[in-house]
There are 2 protein chains.
Amino acid sequence: MSAHPAESEALLTPSEVASLFRVDPKTVTRWAKAGKLTSIRTLGGHRRYREAEVRELLDGIPRQRATTA
Amino acid sequence: MSAHPAESEALLTPSEVASLFRVDPKTVTRWAKAGKLTSIRTLGGHRRYREAEVRELLDGIPRQRATTA
DNA sequence: ATCCACTAGGGTAATTGGGGAA
DNA sequence: AATGTCCCAATTACCCTAGTGG
């Protein structure tokens, strides 16, 4: 079988996102409900999150830069 | 007429669909059994899925609106 | 014909969603 | 306002063996 790169983008599970942020998975769910985080749903209703978006939030949009003095 | 089959007839394997949704291939099988996803069977009993349908489910039917609070 | 990754099954753990309360 | 925890029901993940796909 071919290894078709049919992937448009990588997705993360709730627990994975929670681990990255060091929070409870339920908290990630609340972020999704609040629209703070984009969520894709499986056909069973479980949420998946865009890895690119998560990493961007983690790397952070540095609002305040510790200037390398 | 074109000698090429319609592009919308493109089929995906269970593992490909699973990768797109970030779930286990067996989960895709359950979706097919539950009638949540159209499945075509090979002569040997393996399932194939319509790419167009999968992409539509992924892009998804916007069910969530980000409240621009 | 062989080779081997993938899939169909079935059964059992682990995760998730949802509401509600501290 | 924002988290973490408890409960329960549903969904999903991992285990195996045998058969299919190319």
Side-chain angles (χ1 to χ4, degrees):
Chain A
M1 216 153 291
S2 58
H4 283 160
E7 320 171 18
S8 55
E9 79 183 286
L11 298 178
L12 296 176
T13 64
S15 62
E16 288 172 338
V17 177
S19 295
L20 290 172
F21 279 100
R22 300 280 297 173
V23 295
D24 192 273
K26 288 292 187 180
T27 299
V28 179
T29 298
R30 290 196 181 104
W31 293 345
K33 284 185 178 179
K36 297 179 180 177
L37 198 57
T38 304
S39 66
I40 281 112
R41 295 278 202 155
T42 67
L43 300 190
H46 285 199
R47 295 183 181 83
R48 296 283 112 103
Y49 304 94
R50 300 181 186 280
E51 182 179 28
E53 183 179 7
V54 171
R55 298 219 177 273
E56 203 169 296
L57 290 170
L58 280 171
D59 290 342
I61 303 138
R63 306 184 152 59
Q64 187 168 345
R65 195 89 182 90
T67 55
T68 53
Chain B
M1 291 314 189
S2 170
H4 296 283
E7 293 181 26
S8 59
E9 295 298 329
L11 299 179
L12 297 176
T13 64
S15 63
E16 286 173 339
V17 177
S19 295
L20 290 171
F21 278 97
R22 188 56 170 82
V23 295
D24 191 272
K26 289 309 181 67
T27 298
V28 179
T29 298
R30 291 194 207 92
W31 293 346
K33 285 184 179 178
K36 297 178 180 177
L37 194 58
T38 304
S39 65
I40 286 89
R41 291 277 200 158
T42 67
L43 300 187
H46 285 196
R47 295 185 181 83
R48 297 286 114 98
Y49 303 94
R50 298 187 178 282
E51 182 177 23
E53 182 179 8
V54 171
R55 299 245 178 239
E56 193 169 314
L57 289 171
L58 272 173
D59 288 345
I61 307 141
R63 57 177 75 79
Q64 172 187 328
R65 56 175 50 185
T67 55
T68 51

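In what follows, chains carry the letters A, B, and so on, assigned in the order in which the sequence lines appear, proteins first and then strands, with residues in each chain numbered from 1.
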Open item on the list: Against T38(B), only a single residue in R48(B), E53(B), R47(B) fulfils side chain to side chain donor-acceptor pair (under 3.5 Å); can you say which?
Closed with: E53(B)
- [ ] Toss me the dot-bracket line for DNA chain C: Watson-Crick and G-U wobble, both under 3.5 Å, 5' to 3', using | for pairs to another strand and [ ] for crossers.
- [x] ..|||||||||||||||||..|
Task: Nearest-angstrom distance from the residue atom CG of L12(A) to C1' of dA13(D) - done: 17 Å
Open item on the list: Looking at R22(B) and E16(A), is any side-chain nitrogen of the basic one under 4.0 Å from a carboxylate oxygen of the acidic one?
Closed with: yes
Open item on the list: If I take atom CG in residue L43(B) and atom C1' in nucleotide dT7(C), what distance separates them, rounded to the nearest angstrom?
Closed with: 15 Å
Open item on the list: Quick check: closest heavy atoms across V54(B) and Y49(B), and the distance to 0.1 Å?
Closed with: CG2-CB, 4.3 Å
Open item on the list: Under 4.5 Å side-chain heavy-atom separation, chaining through any Ile, Leu, Val, Met, Phe, Trp or Tyr, what else clusters with I40(B)? Say none if it is isolated.
Closed with: L11(B)
- [ ] Could you tell me the separation between the CD1 atom of I40(B) and the C1' atom of dG21(D), rounded to a whole number of Å?
- [x] 17 Å
Task: Nucleotide dT3(D), atom P - distance to CZ of R22(A) in whole Å - done: 15 Å
TODO: For dT3(D), take OP1 and OP2 only and decide whether either is under 4.0 Å from a side-chain N or O of W31(A).
DONE: yes
TODO: Test E9(B) against E51(B) for side-chain contact (heavy atoms from CB on, under 4.5 Å), laying out the working first.
DONE: CA-CA 8 Å; E9(B) 295 298 329; E51(B) 182 177 23; over 6 Å; no
- [ ] Do nucleotides 16-22 of chain C as a string where each nucleotide becomes B, S or -: B if the base has a protein heavy atom under 4.0 Å, S if just the sugar-phosphate does, - if no protein is that close.
- [x] SBB-B--
Open item on the list: I need the CG-P distance between D24(B) and dT15(C), as an integer number of Å.
Closed with: 15 Å
TODO: For F21(B) and dA13(D), give me the distance from atom CZ to atom P, rounded to whole Å.
DONE: 12 Å
TODO: Rounded to the nearest 0.5 Å, what's the gap from CH2 on W31(A) to CZ on F21(A)? Could you check?
DONE: 5.0 Å
Open item on the list: Could you report the tightest heavy-atom contact between A18(B) and D24(B), atom names first, then the distance?
Closed with: CB-C, 3.8 Å
Task: T42(B), nearest nucleotide to its side chain (from dG4(D), dT12(D), dG21(D)) - done: dG21(D)
